[in-house]
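Working notes, beginning with the structure itself.
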Amino acid sequence: MSSNKQQSVRTALGKVRGLGSAKEGAGHFITQRVSAIALLFLVPWFLISLLAAVRGGYDGAVDFIANPINAVLILLSVGVALYHMRIGMQVVIEDYIAKTGTKLFLLILNTFVCVGLFAAAAFSILEIAT
Amino acid sequence: MSSWTDKRPMSPHTSIWKWHITMASSILHRVTGVGNYIGIFIVVAWLFVTTTGQENYDQFSAVTGSIPGMVILFGFTLSICYHLLNGIRHLVMDAGMALNPKTGSFTATLALLAAIVLAVVIFIGAGLIPGLDPLHFQGATP
């Protein structure tokens with residue numbers, strides 16, 4: 001910036017408290033990116049393996065999931081993806097929903113949906129692989 | 001209207017910005033993120049349906065293999081490809097690289113075009129386009 005008397009964007013109260021409006025955020029920022037790095041490897045593997053597996057119909061799908069290495073990697077792919085999308089959707093909700101009640105409702109719903117999907121996925125994988 | 005007295009900068013409103021590829025890229029990243037959120041329901045449904053036996057599995061395959069099913073699956077594939085490639089772009093930018101406007105516009109365009117090419121390649125490679133099966137996978141055709 002060309003101006004040398006840079007005006008702070010923080011309020012006096014904010015400076016005293018030493019916290020941003022959300023009181024947290026660095027942890028969220030980091031976990032979003034760490035899970036992204038994991039997905040960089042997991043998603044291409046899952047996508048290619050899945051498309052190859054479904055070519056074999058029902059038997060192909062069962063064989064694919066029943067393999068122990070595949071089972072662990074599917075569990076990781078779906079688990080990390082659900083984690084990444086839960087914290088991603090959290091930001092979307094926080095950005096667009098200003099009403100506290102609706103916001104809280106959607107944030108809780110978001111968590112329930114992601115945990116529920118994880119439970120269903122984990123059950124299915126373990127049911128087939130064990 | 002003029003009751004806003006806070007001197008601090010306001011959050012940007014989309015309506016005042018000139019349209020630009022980096023802006024479209026940012027919006028698309030969020031849209032495809034939500035798209036992937038919806039899409040994973042299909043993946044979990046596929047896993048679950050596999051536990052319930054051949055009959056349900058075949059019914060599920062019939063739905064995903066229909067024309068509307070394939071259109072949705074292609075949309076999901078495209079959504080994953082874009083979010084993945086643009087995600088790499090975001091990680092690079094988070095590391096403080098490729099931040100100047102020209103590079104930003106270039107990588108934004110690149111991610112978008114590459115995502116479309118990748119999604120088409122995946123669809124053709126997987127033999128999902130009827131009559132096109134360049135890789136000749138073993139096993140029964142769906």
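Every chain is numbered from 1 and lettered A, B, ... according to where its sequence line falls, protein lines coming before strand lines.
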task: May I have the step-by-step check of side-chain contact (heavy atoms from CB on, under 4.5 Å) for B:Tyr57 and A:Asp59, ending in yes or no?
output: CA-CA 10 Å; B:Tyr57 186 91; A:Asp59 294 334; over 6 Å; no

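The nearest pair of heavy atoms linking A:Ile65 to B:Thr50 is CD1-CG2, 4.0 Å. Here the closest heavy-atom approach between residue B:Phe48 and residue A:Ser124 is recorded as CA-OG, 3.2 Å. Among all heavy-atom pairs drawn from B:Leu47 and A:Ile128, the shortest one is O-CD1, 4.2 Å.
Note: A:His84 and B:His83 have perpendicular aromatic rings, judged against thresholds of 30 and 60 degrees for the angle between ring planes.
Neither the backbone nor the side chain of B:Ser61 comes within contact range of chain A; no heavy atoms are under 4.5 Å apart. Of the two parts of A:Asp95, only the side chain, counted from C-beta on, holds a non-hydrogen atom closer than 4.5 Å to a non-hydrogen atom of chain B. For a residue to count as touching a neighbouring chain, one of its non-hydrogen atoms must lie under 4.5 Å from one of that chain's; by this rule A:Val92 touches chain B with backbone and side chain alike. Interface residue A:Ile125: only side-chain heavy atoms are found under 4.5 Å from chain B. With a 4.5 angstrom heavy-atom cutoff, A:Leu117 touches chain B via backbone and side-chain atoms both.
Residues A:Phe118 and B:Val44 form no side-chain contact, since every pair of their non-hydrogen atoms from C-beta on lies 4.5 Å or further apart. Looking at heavy atoms from C-beta onward, A:Val91 lies in side-chain contact with B:Arg30 at the 4.5 angstrom threshold.
For the atom pair B:Ile122 CD1 and A:Leu47 CG, the distance stands at 4.5 Å (nearest 0.5 Å).
Heavy atoms of other residues, nucleotides or ligands lying less than 6.0 angstrom from CZ of A:Phe41 number 12 at most.
Put simply, B:Ile42 and B:Tyr82 are part of two different groups of oily side chains (I, L, V, M, F, W, Y) that touch within less than 4.5 Å, one to the next. A single hydrophobic cluster is not seen to contain both A:Val78 and A:Val34; linkage of ILVMFWY side chains at heavy-atom distances under 4.5 Å, directly or through other members, places them apart. Grouping the Ile, Leu, Val, Met, Phe, Trp and Tyr side chains by contacts below 4.5 angstrom, directly or via other members, places B:Phe41 with A:Ile93. In the hydrophobic cluster analysis, where Ile, Leu, Val, Met, Phe, Trp and Tyr join through side-chain heavy atoms closer than 4.5 angstrom, A:Phe123 is grouped apart from A:Val62. No chain of hydrophobic side-chain contacts below 4.5 Å, direct or via other Ile, Leu, Val, Met, Phe, Trp or Tyr residues, connects A:Ile87 to A:Leu104.
Each of A:Tyr96, A:Phe29, A:Phe46 has some count of heavy-atom pairs under 4.5 Å with chain B, and the biggest count is that of A:Tyr96. Note: A:Leu50 leads A:Leu50, A:Leu39, A:Ile37 in heavy-atom pairs under 4.5 Å with chain B. When B:Gly33, B:Gly53, B:Ala45 are compared by the number of non-hydrogen pairs under 4.5 Å with chain A, B:Gly53 comes out ahead.
Judged by distance alone, the side chain of A:Arg33 and the main-chain N or O of B:Leu91 form no donor-acceptor pair under 3.5 Å.
Side chains of A:Asn110 and B:Tyr37: a donor-acceptor N/O pair is present below 3.5 angstrom, by distance only.
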